[in-house]
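Some notes on the structure that comes next.
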Amino acid sequence: MSSQQEPQLDQKPQSSSEMQHLSTRLQHHPYQPPIGFDAVEPGVHHASTVIFPDVATMRARDWRSKAGYTYGLHGTPTTFILEERLAALDGGRHCVLCPSGLSAIALVDLALLKQGDTVLLPGNVYGPSRELAERFLGDWGIQHQIYDPLCPPEELARLITPQTKLLWLEAPGSVTMEMPDLRGLITVARQHGIHTAIDATWAAGVALQPFDLGIDIVMQALTKYQSGGADVLMGSVTTRDDTLHERLLLTHMRLGLGVGGDDVAKVLRGLHSLPLRYHAHDAAARRIATWLQAQPQVAQVLHPALPGSPGHAFWARDCGAAAGLFSVVFRDEIEAAQVDAFVEALRLFKIGYSWGGPVSLAVPYDVQAMRPAERWPHKGGLVRLAIGLEDAGDLIADLKQAMQRLISTD
Ligand SMILES: *Cc1c(COP(=O)(O)O)cnc(C)c1O
C-alpha cells in the first residue's frame, strides 16, 4: 500500500465529511476512462438501468428513438450496432432483435394479427411456427391456413379471404426443402393488400435479397449462420416500412423481448466472417449432395441448387448461393431402423438440431407424419444434413462408411 489514494479496506470512513463508506464507494466510481477509445469490436454494454444526466433528459427521452437510451430492454449501444448492421445486410431500414428465431416469428404474428384474422403458412413451414399457429394463435381467435409451398400464385389467390392478413413464406421450407415461387406469391399477396413475411434463415442475407422481391418483413434465426458458433440463440425482424416497424417495435416492447449484450457480441463477431463461411458451407454441401445423388441407396437429394430438386428453377432465378443444409431421401425398401443405424454410424456428423455451426449434423425425420400423402410419395426415410466446416472429402468418407449399414442388412 504505497499510495495514499489507495482505498482503505475497512468500513470506517477516513473522515466522515470527506469519505463515504466502503459499500457506497464501491458503487460510485469517480473515475471515467478517457473518451476516444476505438477497437475492431464495439464494447459490450450490459444494462437494465440506463443513467440520465438530469430529470429533464429522462423525461424527454423517447424509448423508440435510437438517438438516446432509456432502459436496457429498449437498447444499448451494443444492440443498436447489431440491429443497424443486420438492417444493412438485409437491405432493410429497421431491425429488432429477439431472444431466438422462434420468438422473432411469434413477434411478427402477434404484431400483425388479431382476433378474427387468418394467417397463411406454407406446408413446409418451420415446425414450431406451425405449432404456434395451431396450439396458441387458435386459442386467441386467430386462424391459420396451410398452403402448398409449390402452388402456382393463382391457387394461393383462391385461399385469400377478407380475413387473411399475413402470408408467411419460407425459402426453402424446412426439412423437405421446396423452394417456392417467391415473386409470384408475393405479387398475389400485394394485390390483395396482405402483409408478407419471409423466414429467410437459410439465405442468411447472403443468398437472397427478399426486399428486392417486394417482401414486407424479413425474419431470420441468427442462431444459425450469423452466429456461426452453435453457441447462441437469437432472432431478428427487419423491415423497410416505418409504420410496420413501429407496430413491431410496440409489440416487442409490450412483450418485453430483450437480448443480452454478451450474446449480441457473439453474433457481431460471427458477422465478420458470414459470407466466407456461407460460401464454404455452400461449396462443401453441393459437392456432398452431388456425391449422394450418385449413391444406389439414395432416391432423391433435396437441395434447391441441384437440378431436379423441388423449386430448383425458382432458386436459380432468385438466389445467388445456397446454404449448407439439405436432405437425403433413401429408397423405399430401406427401413426406418436402417436409416437410424446409418445416422448413428456417422462419426464426423453429430446427431443434433439446428445448423449453421462449425460441426456437421444429421437428423432423421419421419416425413410421412409431417406431410400429406399426396405431397410426399416416398416411403423411405429422410435424413437432414447440415454441412459444417470440416473438409468435404472427409465428410464424404464418413457418409460412405455409414452407407454400408444400408446395404449389408439387405
Ligand atoms: C432454427 C430455425 C428457426 C428458429 O430459430 P431458433 O433460434 O432456434 O428459435 C426458425 N426458422 C428456421 C427456418 C430455422 O431453421
Side-chain angles (χ1 to χ4, degrees), residues 82 86 90 95-110 119 121-136 149 166-180 182 196-208 210 215 217-238 252 255 257-260 263-264 266-267 270-271 274 278 281 285 302-304 311 315 319 322-327 352-357 359-363 365 367 370-371 382-388:
L82 180 57
L86 289 170
D90 289 337
C95 176
V96 286
L97 299 174
C98 295
S100 66
L102 182 55
S103 65
I105 294 171
L107 170 66
V108 174
D109 284 344
L110 296 177
V119 54
L121 300 176
N124 56 7
V125 72
Y126 176 64
S129 173
R130 186 171 178 157
E131 163 87 15
L132 175 72
E134 284 175 351
R135 311 257 173 250
F136 182 90
L166 175 63
L167 170 71
W168 267 107
L169 299 139
E170 197 172 313
S174 289
V175 182
T176 44
M177 310 302 292
E178 297 92 346
M179 188 77 192
L182 290 175
T196 52
I198 186 168
D199 182 333
T201 302
W202 192 86
V206 178
L208 178 70
I215 204 93
I217 296 173
V218 175
M219 168 268 146
Q220 285 176 93
L222 309 175
T223 308
K224 311 289 166 55
Y225 286 119
Q226 284 84 351
S227 130
D231 58 355
V232 63
L233 288 150
M234 202 173 295
S236 65
V237 181
T238 308
H252 188 262
L255 292 175
L257 299 176
V259 294
D263 285 350
V264 173
K266 282 185 179 154
V267 179
L271 274 189
L274 171 67
Y278 194 91
H281 287 287
L302 304 169
H303 184 307
W315 175 85
C319 297
L325 185 80
F326 65 93
S327 295
Y353 292 113
S354 201
W355 40 283
V359 169
S360 293
L361 301 169
V363 179
Y365 282 90
V367 190
M370 293 162 63
R371 301 282 185 269
L382 176 149
V383 174
R384 188 183 73 176
L385 297 177
I387 305 304

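Read the numbers this way: they start at 1 and go in the same order the structure lists the ligands and their atoms.
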Using 0.5 Å steps for rounding, measure from the CG atom of Leu97 to the CG atom of Leu107.
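The distance works out to 11.0 Å.
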
Just how far is it from atom CE of Met219 to atom CG of Asp109, taken to the nearest 0.5 Å?
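The CG atom of Asp109 is 10.5 Å from CE of Met219, to the nearest 0.5 Å.
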
Please could you name the atoms of ligand 1 that [X] approaches to less than 4.0 Å, counting only its heavy atoms?
X      : answer
Ser100 : 7 (O), 9 (O)
Trp355 : 15 (O)
Gly101 : 4 (C), 5 (O), 6 (P), 7 (O), 9 (O)
Leu233 : 7 (O), 8 (O)
Leu102 : 4 (C), 5 (O), 6 (P), 9 (O)

Heavy-atom closest contact (Ser354 atom, Lys224 atom, distance)
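The pair with the smallest heavy-atom distance is OG-CE, 3.1 Å.
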
Minimum heavy-atom distance Ser236-Cys95, with the two atoms named
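In terms of heavy atoms, the two residues are closest at CB-SG, 3.9 Å.
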
With heavy-atom distances below 4.5 Å as the criterion, would you say the side chains of Trp202 and Pro172 are in contact?
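They are in contact (side-chain heavy atoms under 4.5 Å apart), so the answer is yes.
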
To the nearest 0.1 Å, how far is [atom] from its closest protein heavy atom, and which atom is that?
atom                    : answer
atom 7 (O) of ligand 1  : Thr223 OG1, 2.5 Å
atom 14 (C) of ligand 1 : Lys224 NZ, 2.8 Å
atom 13 (C) of ligand 1 : Asp199 OD2, 3.3 Å

side-chain contact (heavy atoms from CB on, under 4.5 Å) with Glu170: which of Leu121, Ile198, Asp199?
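Single pass found, and it is Asp199.
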
From the options Thr196, Val108, Thr238, select the one residue that forms a side-chain contact (heavy atoms from CB on, under 4.5 Å) with Ile217.
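Testing Ile217 for a side-chain contact (heavy atoms from CB on, under 4.5 Å) against Thr196, Val108, Thr238 leaves exactly one candidate, Val108.
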
Any N/O of Met219 closer than 3.5 Å to an N/O of ligand 1?
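Such a contact does not occur with ligand 1.
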
Looking only at distance, does Glu170 have an N or O less than 3.5 Å from an N or O of ligand 1?
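No, since none of the N or O atoms of Glu170 sits under 3.5 Å from an N or O of ligand 1.
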
Nearest-option assignment for atom 5 (O) of ligand 1, heavy atoms, candidates Gly127, Ala221, Ala200:
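Going through Gly127, Ala221, Ala200 one by one, Ala221 has the nearest heavy atom to atom 5 (O) of ligand 1.
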
Aromatic contact, Tyr225 with Trp355 (centres under 6.0 Å)
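Close enough - the centres of the two rings lie under 6.0 Å apart.
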
